[in-house]
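Note that the structure is a prediction, hence the values are computed from the model and not measured. Chain letters run A, B, ... following the sequence lines, proteins first and then strands; every chain starts at 1.
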Number of protein chains: 2
Amino acid sequence: MPRVELARSTGLSFPAISAITSKLMAEELLCEAETEAATLWPDDADEEDADGLNGRRRGRPAVLLTLNPEFGRIVAVSLRMNLIETLIADYSGSALAQSRLELTTRALDAAALCELVIAQIEAMLDATATPRHRLLGIGMALQGIVDADTGRHLWSPALSITDVDLAKPIREAFGVEVVMANDAVAVALSLVAAEPALAQGLTATLMVGHGIGMGIVVDGEARWGAGAGSEIGHVKLGSNGPQCRCGQRGCIEAHLADYALYRDARTFLDLPPAVSQQPSEAQMALLRARARAGDPRLEQLFRQAGHALAEAVATTISVLRPHHVILAGPGLEAFDMMRSAYEERLEQAVLPWLLKSTAIYVRPSESATIVDGMVRRTLRVVDRNHMETTE
Amino acid sequence: MPRVELARSTGLSFPAISAITSKLMAEELLCEAETEAATLWPDDADEEDADGLNGRRRGRPAVLLTLNPEFGRIVAVSLRMNLIETLIADYSGSALAQSRLELTTRALDAAALCELVIAQIEAMLDATATPRHRLLGIGMALQGIVDADTGRHLWSPALSITDVDLAKPIREAFGVEVVMANDAVAVALSLVAAEPALAQGLTATLMVGHGIGMGIVVDGEARWGAGAGSEIGHVKLGSNGPQCRCGQRGCIEAHLADYALYRDARTFLDLPPAVSQQPSEAQMALLRARARAGDPRLEQLFRQAGHALAEAVATTISVLRPHHVILAGPGLEAFDMMRSAYEERLEQAVLPWLLKSTAIYVRPSESATIVDGMVRRTLRVVDRNHMETTE
DNA sequence: TTGAATAATTTCAGCAAGCGAATTAAAAAA
DNA sequence: TTTTTTAATTCGCTTGCTGAAATTATTCAA
């Protein structure tokens, strides 16, 4: 954050940093932070604070620079099964307001969906008194397949429509860039940003929840073939496994996603029906509670899920050879019940040399992680566009 | 190759190209090509040649530039099951000489192996009267797992040694850069270089032969997590499938690699035994001939192989979402017998939206493709190093 | 044969980004 | 108050470009 640190991390010289930062400050994109924390020194964290001087040292103190939160705002929308979550953040990425709208998403056609999303975005702008020209970009995280080259939405379990350009009507309504991404990609970006070590090399984030998604981040950036998303959830574990909502059979998702677990549990257990086959968070919590109470059939169900998770991780490691694998998403709440089956299967399913050279992290993440990651992604795209236009 | 074309493809201005090329020509790295073909015009291929002028047009003709073949030489070594193949190429990548050494590779320890490889390289240098200072780099393609970060060889079916740094002794013997890569990566680079369309986006090359390997090329460059290689051959197709030589069970390789097919065929057919379980090319040809002659058990075997191939492609597409998939390697000689089973299974195993957006090519490739690709890879590394040192 | 016409390359002057050295600024320590 | 230490800026210079114009090598047509 201080200029010295920027020079070190970018490898540029002081004069260069000085010139760049002063130009950006003239654009009101950057600003100097308050003098309070400003007197803390950059490399203070790892030294003892016992000098009683509150982290101060000799010499001119560094001036902290921050993104000017007032430079503009970003709206991120997460479109999931029966849920539209919206968040507005300032230019530094801090959330200003958010909303959740529950409805049966599969009942919507493309026009109705876009109308709803536009209304949600407008509500966010109104709630934070954001003038239109302060809106810099909109990010949409979608549960399903997105073609990153064209931005088109190809297929989603949450929607009955396929192969439509959802971004276009929204772009036209607000006149700003609309960034589309798979929701697992958004989660991946959020988690990678939280731990600097994960931003080095290739990090694969497996999101387990309503579906199974994967986001791939290379050196902190989400860039890839046809999108940073991977459809590992629809890799098959056998040619005649359980029915998946994609229409095919034996998908990893059909063994591991919460809708699959709930559906299978209902075949032998008395549980309330799920709305459009999508159990609520409360229903999944109930399922876990019953399993922990000691139902052997449920324990078996979670063991099978553990096997499916291990197969997913094994395939990821074998095909992608990532440096880091993150297991994330609400499905990990039940990881304790999957663990032994997962570990046992993983050993059998990956070459030991590969397993040894991959670090696996478990990070059960909240729902807000999606919109947080989407804000980051959108900010990056907006910044890139801004750079290109001012040059 | 002509300067005009360079300017167009790099986006740099003419003066810039002029300055750079003249500097490189002063270094004797580039040279102007012969006047014969030089008078052909760059964008002539797609216009009719009916003007009877042998492709000439008005205006000053472009001067073709080529890498100066005499600038230096590259040796590429391919280390496979029972075979060490060596090739020496000039700076433009044309092969000058090559050799094949057949021996039981699994009987060698690290020292003996390096000694052999060094002897092979020296033989190549002698055969082409290459002075030591003209040797710019050595590339080694290895069948097995290579850690691209460290260059260490981790595991190979062709060798009994594991986790050794094979590059170091060779680097010390010749004092030049030694580039290690998975052999499938080398094949991928060679095939991608042959078709410009494949150099755009993400191309996954599945090599089917002694083993199953995969090379991943992004925008023409082989860069990745822990190497551009993927161990998709060791993804499991079921928890209790046939024994694989990696020690685990049910690997795709154990259904599809030639050693697996030959081994399984020998359980019901009278075939000569294979040396260290590795059938020769002639033995595999015999197997294919018998199958084509109409043995129903062999037909069934190849149908199973087709299923395994489909699973490999399905997994690749689902996890990687590549723009292009290439099926390559000697195993594809039998693709006609696998085709119907392959196509049928592929439809079931990949989401149709993904399958539709992926182009699949079949390119049965020769053995020399490995060393050719390895020469390219090594040249690229050598050039990068050269750039850094002269700047 | 000779002079357009055409296209590739080079020359030239100028600009912009970045660097090293020296300078100025702000704070703690002596 | 002076010295020390570190942050940030200013200054002059190099480098790598670019655009405009000049130069060169050809073909085409008179």
Side-chain angles (χ1 to χ4, degrees), chain A residues 1-27 30-66 386-391, chain B residues 1-27 30-66 386-391:
Chain A
M1 282 293 197
R3 276 173 259 244
V4 220
E5 193 59 29
L6 285 173
R8 210 160 351 184
S9 59
T10 58
L12 293 175
S13 67
F14 282 120
I17 293 294
S18 211
I20 293 167
T21 54
S22 60
K23 200 199 298 180
L24 292 178
M25 284 174 68
E27 281 187 66
L30 279 181
C31 62
E32 300 191 340
E34 303 311 304
T35 19
E36 291 203 60
T39 45
L40 281 166
W41 287 49
D43 49 353
D44 232 35
D46 46 348
E47 301 197 13
E48 81 274 2
D49 234 10
D51 50 6
L53 280 161
N54 192 25
R56 289 177 175 232
R57 267 186 257 157
R58 286 188 149 211
R60 177 173 173 174
V63 179
L64 289 186
L65 297 175
T66 41
H386 181 256
M387 295 254 266
E388 279 168 16
T389 46
T390 49
E391 260 169 43
Chain B
M1 282 294 196
R3 276 174 261 245
V4 220
E5 194 59 30
L6 284 173
R8 210 159 352 185
S9 59
T10 58
L12 292 176
S13 66
F14 285 122
I17 293 294
S18 209
I20 293 167
T21 54
S22 60
K23 200 200 297 181
L24 292 178
M25 285 174 68
E27 282 187 64
L30 279 182
C31 62
E32 299 192 342
E34 304 310 304
T35 20
E36 293 204 58
T39 45
L40 281 165
W41 287 49
D43 48 354
D44 233 34
D46 46 347
E47 301 196 14
E48 80 274 3
D49 234 9
D51 50 5
L53 281 160
N54 192 25
R56 287 176 179 236
R57 270 185 254 155
R58 287 186 150 212
R60 177 174 175 175
V63 179
L64 289 186
L65 297 175
T66 42
H386 180 256
M387 294 256 264
E388 279 167 15
T389 46
T390 48
E391 261 168 43

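With sequence neighbours left out, Ala16(B) forms a side chain to side chain contact (heavy atoms under 4.5 Å, CB included) with Leu12(B), Ser13(B). Residues satisfying the side chain to side chain contact (heavy atoms under 4.5 Å, CB included) criterion with Thr66(B), sequence neighbours excluded, are Met1(B), Cys31(B), Ala33(B). By the side chain to side chain contact (heavy atoms under 4.5 Å, CB included) test, Thr21(A) pairs with Arg3(A), Leu6(A), Ile17(A), Leu30(A), Leu65(A), sequence neighbours left out.
As a whole-Å value, the separation of Leu24(A) CG from dA17(C) P is 12 Å. Straight-line distance from the NZ atom of Lys23(B) to the C1' atom of dG16(D): 9 Å, rounded to whole Å. Between the CD1 atom of Ile20(A) and the P atom of dA17(C) there is a distance of 9 Å, rounded to whole Å. Residue Leu64(B) contributes atom CG, which lies 14 Å from atom C1' of dT9(C) at whole-angstrom precision.
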Give the dot-bracket line for DNA chain C from 5' end to 3' end: parentheses for intra-strand Watson-Crick or G-U pairs under 3.5 Å, square brackets for crossings, | for inter-strand pairing, dots for unpaired.
||||||||||||||||||||||||||||||
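Expressed to the nearest 0.5 Å, how far OG of Ser18(B) lies from NZ of Lys23(B) amounts to 12.5 Å.
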Which atom pairs link the protein and nucleotides 2-4 of chain C when you take only N or O atoms and keep those under 3.5 Å?
none

Across nucleotides 9-14 of chain D, 5' to 3', mark each nucleotide with B, S or - according to how protein heavy atoms within less than 4.0 Å reach it.
BB----
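The side chain of Ala16(B) lies closest to dC17(D) when the candidates are dC19(C), dC17(D), dA7(D).
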